[in-house]
Amino acid sequence: MKITLNRINDDFLFECTNSQGNSILLDNTSQPGAKGVSPMESVLMAVAGCSGIDVVSILKKQRQEITGFQAEVEGERVQVEDAKPFKSIKVKFLLEGNIDPKKALKAAELSFEKYCSVSKTLEPNVEIGYEVLVNGEKV
C-alpha cells in the first residue's frame, strides 16, 4: 500500500492520492479558509470508514436490510510534549432499516475486536469505544 502526498498551494494544502488515483485534501484547519480536513480528522474518518465497511459487510451477509447508515466519531486528545495524540475515540453507529439489534451490536463488536485494521493500529495507545443505535433505539 502506498500513497503520494503533493503540496498544491503556497501554504498547507496537500493532495493525498492512492495507487488507484483516488484522493483527499489535507489542510491546516487552524488557518482560515482551509480547503481540506486536518490529518487528525482524517484519522477519525479512517476509523469510521474502516469499521463502517465491516459493520455493513457483516450485516449484509446476515441478510439485514440497511436503509440508513451513519457513524459519528469523536476523539479526545491529550497533550504529550509538543504533540496532541488521541487519548480516546468513541464511535456511534446510527442504523436504520429492518435490522436485528443484537446482530448490529455483534457486527460492531466484531469490527473493533477482530476486523478493523485502523482501530487495531491505534488500539495499543488509544482507548476505542462504540455504541449502536438501531432505528433510534440504543442497543
Is the shortest side-chain heavy-atom distance between [X] and [Y] below 4.5 Å?
X	Y	answer
N22	T17	no
F93	L105	no
L122	V43	yes
P85	N125	no
I8	L25	yes

Common cluster, [X]/[Y], ILVMFWY with side-chain heavy-atom separation under 4.5 Å:
X	Y	value
V139	F112	yes
L44	F69	yes
V118	F86	yes
I53	L59	no

When rounded to the nearest 0.5 angstrom, what is the spacing between [atom1] in [X] and [atom2] in [Y]?
X	Y	atom1	atom2	value
N98	T67	CG	OG1	9.0 Å
I99	Q62	CD1	CD	11.0 Å
Y130	S119	OH	OG	10.5 Å
L13	Q31	CG	CD	12.0 Å
K103	L95	NZ	CG	14.0 Å
M45	I24	CE	CD1	7.5 Å

Identify the heavy atoms of [X] and [Y] that sit nearest to each other, and give their distance.
X	Y	answer
E113	K120	O-NZ, 3.0 Å
S23	E15	OG-OE2, 3.0 Å
A104	V134	CB-CG2, 3.7 Å
C16	L5	SG-CD1, 3.6 Å
F12	F14	O-CD1, 3.1 Å
V91	A71	CG1-CB, 4.5 Å

Can you tell whether the side chains of K90 and E76 come within less than 4.0 Å, N to carboxylate O?
no
Going by distance alone, is a donor N or O of one side chain under 3.5 Å from an acceptor N or O of the other, for T29 and D27?
no
[X] side-chain N/O to [Y] backbone N/O, donor-acceptor pair under 3.5 Å:
X	Y	answer
R77	Q79	no
Q64	D100	yes
S57	D54	no
T121	S117	yes

Taking atom CD of E74 as the centre, does the number of heavy atoms from other residues, nucleotides or ligands within less than 6.0 Å exceed 12?
no
